[in-house]
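This report refers to the structure that appears directly beneath it.
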Amino acid sequence: MASYPVRNDSRIVLHLDYDCFYASVFEVEQPILKTLPLAVQQKQIVVTCNYEARRRGLHKLQLIRDAKRICPDVVIVLGEDLTKFRNASKDLYLFVKDFVWGGRVEKLGFDELSLDVTEMIDYNVGVLNPHDLPSSFFHLDRTDPTVGFAYDAARFEGQTDPPSPEGCGSASSLGLSSLEVRLRIASHLAGYLRAQLEHVKGYTATGGISTSKLLAKLVGNLHKPNSQTTLLPPYEATENNSQGNVIQFLDAHEIRKIPGIGSRLAQKLKDHVAGDDATDDKVTVKDVRLFPGMGPVLLEKILRGPGAPRGIGMRMWNILHGVDSAEVLEARDLPTQISIEDSYGRLDSLDSVRRELAILAKSLIRRMRTDLLDKTDPTTPLGRWLAHPRTLRLSTRPRLPPDSDTGRTYSASRISRSTPLPPFVFALDENIDGLAERLVQEAVLPVFRKLHPDKAGWALSLMNIAVTNLVESAGDQKQSSGRDIGKMFRQQESRAVPGSRTPPVLVDPRGAANDLLDAWDAWEETDEPLPGRMCPRCEARIPDFAWQAHEMYHSSVD
DNA sequence: TTGGTGTAG
DNA sequence: GATTCTACACCAA
């Protein structure tokens, strides 16, 4: 017999999805909009619209022209600048995270969260009074028993899938699996969090409750908007339920609807299970799962190819059985890249390119300052860089992809080139416009020529500039990469060059410190005294290997 | 490290 | 498909 994946249902995961998020941000700003059909515009399309607009036939990714024709009184707001969405998203994230023990909240884009609430649920299972489930109290705080909310633990909050037979109340609770109890309690936590989100912050959300990110997200899609769904046990096969609800639930899904299976993977899977003739058929998870010979090995063979991750066969086999071991990860402190882009009808003169690049560069430097600067430290009033991107990337999209005739194969529509990011962009006392102009002149235009060496002939529909390759500054309290800054200072003192009166200063840790740290590691291997010289500004001894960075520090701070 | 693909919202 | 403006993981070279 082939071996089948085994689910680990020890965790409880909530998924939250703010309803039509961009539109809601405007509605919170201007509540009158809630009563009107509202569409958010980027360029010539409706990126999202509120439910009043959907009732009148509008939908996401619709042409503005069509939207106006179908619903002439639609209110249209511009949503190309993502700043306010980014800010609202962060605010809501921090709001929710405050409730969740251990801060186990992961962000998926601007409008979705996954919460690992296992600890909270298991604690609340422990304090349950099995003789009086209807008057339970959910404890949101381990230490203060007054913090929480009353709820009825004999029933599920919101919807379930499959729908729960009415009237299976506390009487049957004796024989209930602990998973059912835990999911029931979790459904009330989800309901509470959604109510808080709505009443405190003004945002409605849709929820999903299950035992993994995958299942919670999928089941959350069942009842939208402003509702929630719990995937009901039994998850495993029983006498009455030959498959278990997880397989039942997943099997009905079209393969493309499974998170992680995009159009490419879906097409490959369809080609194999449906064959070349039946191209229009909807292929479901069940069709793939039960295909003759199906298993991790066949899946690996089907899905292998350029760009496919290793081990994808096994991962896919797991997913087809509802097995998702991916942990809920806390959102990063810092992004791995920041990019700004704009699209254009036709960009074909160097002058217009230069103008647009300057606009993009300004936004990029603004973003770097808002996302990469620590402004909380009073000793550095202008802010302190938490990370220094080392690479600048320019991407463009030619108006027509050169390989557009055959329609058959892929159109790698974007092309890009990179260059080191010149450090002057980190100067905080210069104005952004000046820095942006200089950045375009000295870095972006040279890469542009690398991308488009021909003087003409190109016509661009999109340009994107990004900073990547972020090197975190050696943090003041945080370990930058497992290295102990305090130890470095201590060792340095104990081995200070004889005759130097002042204790040596290594270098300001806000600089790009990684090269220094490497040099330090190398020196630690030796028994040599540390060579260095005095800095007149600091009246301190600076190690030679740190001298260059130390001068940069003065030039950027003074 | 760079340039590109695929996925997501 | 691509339409918008991103962000991330992962691949080969």
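So you know, we letter chains A, B, ... as the sequences are listed, proteins then strands, and number each from 1. Quick caveat: nothing in here was measured; it's all calculated off a predicted structure.
- Regarding R367(A), its CZ atom lies at a distance of 7 Å from the P atom of dT6(C), rounded to whole Å.
- Using a 4.0 Å cut-off on heavy atoms, the residues of residues 61-75 of chain A that approach DNA chain C are L61(A), listed by number.
- Heavy atoms of K217(A) sit under 4.0 angstrom from primed sugar atoms or phosphate atoms, though from no base atom.
- Under 4.0 angstrom from either OP1 or OP2 of dC5(C) there lies no side-chain N or O belonging to S339(A).
- Listed candidates were dT6(C), dC5(C), dG3(B). Nearest to the side chain of S343(A) is dC5(C).
- Proximity note for P309(A) (side chain, C-beta onward) versus dT6(C), dC11(C), dA8(B): the nearest is dC11(C).
- Residue-level contact check: G262(A) touches the backbone only, with heavy atoms under 4.0 Å from sugar-phosphate atoms and none from bases.
- Under the rule for a ring-ring contact (aromatic ring centres under 6.0 Å, His included), H59(A) has no partner lying at least two apart in sequence or in another chain.
- Of the candidate nucleotides dT3(C), dA8(B), dG4(B), dT3(C) has the atom nearest to the side chain of Q44(A).
- Taking the side chain of R264(A) as heavy atoms from C-beta on, and the options dG4(B), dT6(C), dT7(B), the nearest nucleotide is dT7(B).
- The side chain of N469(A) lies closest to dT1(B), out of dC5(C), dA7(C), dT1(B).
- At dA12(C), one or more side-chain N or O atoms of R310(A) fall inside 4.0 Å of OP1 or OP2 (strictly under the cut-off).
- Contacts of Y51(A) classified as ring-ring contact (aromatic ring centres under 6.0 Å, His included), with partners at least two apart in sequence or in another chain: none.
- If you find the closest nucleotide of DNA chain C to R86(A) and to R397(A), the one lying nearer the 5' end belongs to R397(A).
- Among the nucleotides dT4(C), dT6(C), dT2(B), the one closest to the side chain of E341(A) is dT6(C).
- Ranking dT6(C), dA8(B), dC8(C) by closeness to the R256(A) side chain, first place goes to dA8(B).
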